[in-house]
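Here is the structure we will look at.
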Amino acid sequence: MTRTGRAAVYDAPNTPFVIRRYPVRDAGPDEVLVRITMSTICRSDIHSYQGHRANPCPGILGHEIVGVIDQLGANITHDMRGDPLAAGDRVTWTMFFQHGPSHYRDIHDMPQKSPGLRKYGHDLVADDPHFLGGFADYCYILPGTGILKLPDAITDAEAAPLNCGVATMISVAQAAGIGIGDTVVVQGLGLLGLYGCAIAKARGARRVIGLDAVAGRLDLAARFGADLTFDIGATSTDELIAAVRAACPPDGADVAIEVCGYPDAVPAGIAMLRTGGRYVIAGLVNPGSAFTLDGNDILRRWITLKGVHNYHPRHLIQALDFVIGNRERFPFAEMVDSTFPLDRIDEAFTRAADRSVLRAAIVP
Ligand SMILES: [Zn+2]
């Protein structure tokens, strides 16, 4: 008898999810079949669900996935860092995969920008192998994916955001060159910003300053390494810039990171930097995120401006090591503050969308 599994299918934006069953076939020699134990709802899943960005439907959303290996393809013996893999091992994996030639991968060390890159949670559910998203009983890991075995010490809740938020912020912190003694401003204290505060601190930042308008997030940021927080709703932009600069003597912050998604934050953040400061944009994921800068100011103050999108597979390995190494110092497990069974996914999306939870998890 053919095995089947459930999937919460996204038929069209802003319509209720429908639980449907699909056949579960054997894993091919270069594939892994995983039984999902937890998937968290990312802000990008909500953008897709609300129709802010095109995503194939009917499909299965979700890319922040943790699961247990059900079937291991004959050609897959080890994970990305060389640990042997076997059925029953708990794993996570890069949220993207890519087949075929890639100039960006081979020449520029940017596999995450390869042509034809595909992401989990972005395929039609009708197509084989059906299960390529997180909100389901199973997921297939296809060739070209970086697989990472999870040690027993890390919980599913700590592990689920690794392959999206944590790995992305590892990539951002490296692009920003955060080092020992730096002063770092984090604009936006959602999941990315909280990990950003913690990673900056772990890299030796002298002072981390968190900015947001939500009181609860300012409190949380203090537990994730922010030395100082400012409520951006309580002051004018000019006052905020002056206050942040005063907190980063003698002449402003070494680094500022945008993870809030508001274009106007960029000129404000750049104004907080010292001469020679570095700025990274990581939250302006939607087209039309325009802002105005004075090029002369960038030139005179030697400002470095970078964009970061996605991450290199090695950043997923580093994300795991960062969480393992700092799980006593920062309350990562509290990031995932609510769990829902698969058949209550509508409620989970509603709660995640209205931000009444920080990270909602689906436990099928
Ligand atoms: Zn994500």
Side-chain angles (χ1 to χ4, degrees), residues 40-43 46 157-158 161 164-166 168-169 172-173 176 178 182-249 252-273 277 279-285 322-323 326-338 351-360:
T40 39
I41 300 176
C42 181
R43 184 61 40 190
I46 296 166
E158 289 170 315
C164 186
V166 192
T168 297
M169 292 313 290
V172 167
I178 296 173
D182 278 344
T183 48
V184 179
V185 178
V186 179
Q187 296 176 283
L189 299 171
L191 183 111
L192 290 180
L194 294 174
Y195 281 118
C197 291
I199 291 167
K201 213 61 195 172
R203 288 174 68 99
R206 172 166 64 92
R207 176 166 282 182
V208 174
I209 300 175
L211 308 179
D212 205 296
V214 180
R217 293 192 170 177
L218 298 174
D219 295 340
L220 205 49
R223 299 178 60 210
F224 280 93
D227 300 287
L228 196 60
T229 58
F230 289 99
D231 178 354
I232 61 166
T235 51
S236 71
T237 301
D238 287 346
E239 287 168 344
L240 182 68
I241 291 167
V244 171
R245 293 182 64 85
C248 302
D254 299 296
V255 171
I257 291 168
E258 177 279 317
V259 279
C260 59
Y262 296 107
D264 290 345
V266 177
I270 288 173
M272 296 169 189
L273 293 173
Y279 192 90
V280 176
I281 297 174
L284 299 183
V285 293
F322 163 72
V323 169
N326 292 278
R327 60 197 294 275
E328 308 294 334
R329 186 177 180 188
F330 304 114
F332 297 121
E334 292 180 30
M335 292 274 199
V336 175
D337 52 354
S338 59
R351 297 283 305 279
D354 70 16
R355 298 177 197 266
S356 59
V357 296
L358 186 62
R359 210 51 150 202

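Along the sequence shown, the residues carry numbers beginning at 1.
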Distance-only check: which donor-acceptor pairs under 3.5 Å involve side-chain atoms of residues 256-273, not counting sequence neighbours?
from	atom 1	to	atom 2	distance (Å)
E258	OE1	A282	N	3.3
E258	OE1	G283	N	2.8
E258	OE1	L284	N	3.3
E258	OE2	C260	N	3.0
E258	OE2	G261	N	2.7

Of all heavy-atom pairs linking V208 and G225, the shortest is CB-O, 3.9 Å

For G196 and V186, the nearest pair of non-hydrogen atoms, with its separation, is C-CG2, 4.5 Å

Notebook entry, point to check: Less than 4.5 Å apart, any side-chain heavy atom of R359 and any of S338?
Noted result: no

Quick one: does F230's side chain get under 4.5 Å of T235's, heavy atoms only? no

Between I232 and the options L240, L218, T237, V214, the side-chain contact (heavy atoms from CB on, under 4.5 Å) test singles out L240

Tightest non-hydrogen contact, residues C197 and L189, listed as SG-CD2, 3.8 Å

Quick note, salt bridge (Lys or Arg N to Asp or Glu O under 4.0 Å) partners involving residues 233-249, not counting sequence neighbours, are R245-D251

Taking I178's backbone N and O only, do any of them form a donor-acceptor pair with D254's side chain (distance below 3.5 Å, no angle check)? no

The reported gap from CG in L191 to SG in C164 (rounded to nearest 0.5 angstrom) is 8.0 Å

Checklist entry - With a 4.5 Å limit on heavy-atom distance, are the side chains of F224 and M335 in contact? => result yes

Fill in: Backbone N/O of A352 and side chain of R43: donor-acceptor pair under 3.5 Å
yes

Nearest heavy-atom approach of A253 to V185 is CB-CG2, 3.7 Å

In short, Q187 meets Y279 closest at the heavy-atom pair OE1-OH, 2.6 Å

So L358 and L220, side-chain contact (heavy atoms from CB on, under 4.5 Å) or not? Walk me through it. CA-CA 11 Å; L358 186 62; L220 205 49; 3.7 Å; yes

Nearest heavy-atom contact between A353 and I46 is N-CD1, 3.8 Å

Residue pairs passing the side chain to side chain donor-acceptor pair (under 3.5 Å) test with at least one member in residues 193-221, sequence neighbours excluded, are K201-D227

When rounded to the nearest 0.5 Å, the distance separating CZ of F330 from CZ of F322 is 6.0 Å

